[in-house]
Amino acid sequence: MYAKVIVDVWANQLNRPFDYLIPEEFEDIIEVGMRVAVPFGSRTVQGFVMDIVLETTFEGKISPIIKPMDLEPVLTPEMILLGQHMSQTVFAFLISCYQTMLPPMLKSKYEKYFHLKDPEAYPEIYQNYFNGEDTVEDVGQFTNQELAKLLRLRKEGVVSVEHKVIDKAKVKMEDWLIRLQSPMDYQVIQAATPLKATKQKLFLAALEALPKEQSEILKKDFVDQNGFTAADVKTAISKGWVKLEKRPVNRDPYAGREFTQTNALQLNEAQQLVFDEVLHDMRQDIVKTYLLEGVTGSGKTELYLQWIDEVIQKGKSAMMLVPEISLTPQMVNRFKSRFGDRVAVLHSGLSAGEKFDEWRKIKNKEADIVVGARSSIFAPIEDIGIIILDEEHESSYKQEENPRYHARDIAIWRARYHHCPVILGSATPSLESRARAQKSVYQLLELPTRAKDQPLPEVKIIDMKQEYSKNRGTFSLELQEAIKDRLDKKEQTVLLLNRRGYSSFVMCRDCGYVLECPNCDISLTLHMDVHQMKCHYCGFETNIPRRCPKCFENQIRYYGTGTQKVEEELQELFPEARIIRMDVDTTRKKGQHEALLNKFGSNQADILLGTQMIAKGLDFPNVTLVGVINADTSLNIPDFRSFERTFQLLTQVAGRAGRGDLAGEVMIQSFNPENYAIQLAKSHNYREFYAREMQVRHMGNYPPYVFTTMITVSSEEEGLALREAVKIRQYLEQILTGQTILLGPTPKSIARINKRYYFQILIKYKREPQLTRALNELMLQTQQTTANKVTVSIDVEPMSFL
DNA sequence: AGCACGCCGACT
DNA sequence: GTCGGCGTGCTC
């Protein structure tokens with residue numbers, strides 16, 4: 001028998017199965033979907049079994065599989081199919097698709113080691129280099145000289161270099177103490193133990209004191225509670241009082257947390273209508289993709305919960321995706337308190353071990369509800385009854401690196417496989433999805449009012465052009481007054497500023513010199529807290545210059561505003577205010593995000609100042625004022641989606657106000673107060689925004705009126721990248737139809753990042769049946785001709801043209 | 001001669 | 001992607 005194996009090597013020529021012999025002893029063990037260790041060239045690598053066949057057409061030498069790496073398949077037949085589909089649609093290697101579907105712990109590490117073939121013939125080398133062993137694993141311990149000697153010996157065939165696959169997947173084990181005697185016995189033994197053996201007597205007493213029905217206890221707990229040491233336990237084991245047992249345990253990120261059971265809330269009329277519509281379809285076995293358009297606070301989450309409940313009642317499983325930044329403890333709480341332990345939560349904040357265990361929990365059917373960010377769309381649940389994407393418009397559903405998949409597409413594929421509905425929910429749907437609903441590709445569901453009939457918050461736009469004549473600070477007088485008012489009333493304020501750091505750039509007022517990153521074509525951002533200039537693209541850091549590096553004058557000034565600077569200004573204006581700043585810099589460490597939100601939620605702070613990570617999902621009833629410090633930052637990004645993003649961001653952040661019994665107020669500061677994205681966010685008018693923006697898209701030939709694909713060519717050599725890009729354009733011109741628009745190659749808006757030059761070609765098309773084939777061909781060719789100097793990457797439906 | 005370096009093809 | 005083989009050219 002032979003196995004068709006996809007090997008763990010990222011190269012175009014290897015993007016197909018290789019045949020391996022299944023050794024007889026593994027014939028009834030190795031299954032489709034398992035990981036195996038296989039020889040590949042002179043190395044050993046991990047691979048995935050795609051198929052098992054009786055015959056092979058390969059005429060060369062067939063190597064046997066070294067060993068299986070799993071006891072059960074890690075990929076289901078569904079996943080194997082999905083990987084093939086994904087690979088073809090997003091132009092990514094099969095291996096990268098499969099690896100993306102699995103927790104990172106299942107990706108093996110590789111190690112090299114030296115092996116001495118005949119130690120007896122070379123006693124001196126055996127002793128000096130191999131420390132009396134057949135192999136040495138830590139190659140790093142040798143000096144260059146020693147290494148050279150070993151490599152010479154390899155040429156002579158005395159020493160060989162071997163490769164090893166190391167499986168990182170480790171099931172965590174816990175030590176349990178098993179009681180071997182009865183309490184009465186322990187009493188007897190204790191009496192017979194010499195007086196001076198105090199620790200032993202205490203140990204026996206503790207054993208005796210265990211409740212009668214408890215025959216085992218976690219070693220850690222027993223030791224902690226009684227103040228024993230590892231030596232005490234050892235003695236007890238050697239005396240035969242207890243025995244030690246290792247047991248597998250799930251690393252539970254939410255261990256020890258109490259979730260009070262909650263029940264379904266009463267739905268209002270609009271919710272009920274929407275709820276019933278989907279339910280009705282489910283009962284009729286009609287499967288659709290729904291677009292749930294519901295204003296902020298309209299109770300979408302409650303609907304999700306009730307649909308999920310409906311589905312699991314029928315013995316099926318459910319999946320709900322949320323954007324990474326809105327996977328707040330609040331959201332987790334709602335799910336865990338409604339459904340308890342059957343919920344598995346997956347997000348980037350988990351450790352590798354926790355991710356692996358949540359994944360296993362799903363695989364072992366201990367959990368049948370999955371809540372998670374983008375990649376949890378690949379969770380190994382079977383018999384899915386519903387898939388929900390909350391905040392459907394969020395760009396974080398698209399992976400920005402290979403494989404560049406969109407979770408929405410994967411959701412729809414999986415839903416078709418499982419014959420179940422998909423719910424796309426948002427207060428501000430993406431134009432793509434909304435247009436599809438218009439064309440009845442998706443079924444539109446609407447929730448036009450807030451759940452408890454609270455009014456949507458009053459939104460005021462503050463014209464910063466007018467403000468500038470009386471006040472040049474970051475905060476308009478009106479916003480200052482409003483903040484003051486909330487501080488007096490002990491109500492809370494949320495402030496949004498879409499730029500982290502202190503200042504956006506540093507310039508010499510004398511000669512105009514702007515401090516830029518040496519690796520990228522972008523100015524450095526000042527970070528006052530660490531007193532460094534940082535590049536937000538490659539991570540470069542340098543000291544803050546005192547004098548201009550060019551003209552040496554003492555005229556260095558800071559321009560633009562980031563969250564750090566605003567925090568300082570705010571504190572100056574309101575010395576008594578307790579401020580929390582939330583951006584990537586303050587939430588980088590594990591748990592910080594949650595800690596800050598908890599602090600704000602429990603009223604230990606008056607003002608929450610942050611970047612767009614605070615715009616979503618937060619539900620704090622005491623927040624009555626939301627301020628947007630500068631609505632123009634996202635508006636002025638030269639991308640066709642900048643108005644859409646601005647409208648979404650403003651609507652989302654406005655939705656944070658007035659969620660409790662108190663009315664909310666929103667203030668948007670802008671230098672473009674008449675802009676329709678801002679005006680329509682003010683009036684909460686998604687419908688009108690959709691109509692206006694669609695016109696603009698139509699005029700400019702932008703999505704959703706056209707499909708787009710972006711090709712990016714990069715190299716350390718600028719000329720090489722450009723030449724290759726031009727060749728690609730010429731190639732595409734020959735193949736694609738006349739209606740298709742080809743733009744570029746043009747340098748990317750940040751032409752150089754991390755010492756590499758980037759050029760892009762944009763393809764806009766309505767119908768282009770040859771495109772997939774042409775792009776697959778392109779990937780093959782570019783890889784062969786230019787080896788590794790030029791990188792070509794294809795992004796289907798990019799989130800931005802920048 | 002000895003080896004560092006770059007290029008190329010193969011990998012079941 | 002990574003390794004080994006091979007050719008070129010440089011150094012001790």
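To find a chain, count down the sequence lines: A is the first, B the second, and so on, and within it residues start at 1.
Rounding to whole angstrom units, CG of residue A/N12 and P of C/dG1 are separated by 11 Å. In this structure, CG of A/N402 is placed 12 Å from P of C/dG1, rounded to the nearest angstrom. Between A/Q46 atom CD and C/dT2 atom C1' the separation is 17 Å, expressed in whole Å.
Residues satisfying the salt bridge (Lys or Arg N to Asp or Glu O under 4.0 Å) criterion with A/E733, sequence neighbours excluded, are A/R729. Legend: residues meeting salt bridge (Lys or Arg N to Asp or Glu O under 4.0 Å) with A/K164, ordered by chain and number and at least two apart, are A/E137. When the side-chain hydrogen bond (donor to acceptor under 3.5 Å, both in side chains) test is applied to A/K4, the partners found at least two apart in sequence or on another chain are A/D19.
For C/dC3, the OP1/OP2 oxygens have a side-chain nitrogen or oxygen of A/K112 closer than 4.0 Å.
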Return all side-chain donor-acceptor pairs below 3.5 angstrom for residues 85-92 of chain A, not counting sequence neighbours, or 'none' if the list is empty.
residue	atom	partner	partner atom	Å
A/S87	OG	A/A92	O	2.9
A/T89	OG1	A/H85	O	2.9
A/T89	OG1	A/M86	O	3.2

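Using a 3.5 Å distance cut-off with no hydrogens or angles, the side chains of A/H418 and A/E78 do pair a donor with an acceptor.
Legend: salt bridge (Lys or Arg N to Asp or Glu O under 4.0 Å) pairs involving residues 91-104 of chain A, not counting sequence neighbours: none detected.
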At a cut-off of 3.5 Å, list every protein nitrogen or oxygen paired with a nitrogen or oxygen from nucleotides 6-12 of chain B, distance to 0.1 Å.
residue	atom	partner	partner atom	Å
B/dC11	O3'	A/G41	N	3.3
B/dT12	OP1	A/G41	N	3.0
B/dT12	O3'	A/D19	O	2.9
B/dT12	O3'	A/S63	N	2.8
B/dT12	O2	A/D19	N	2.7

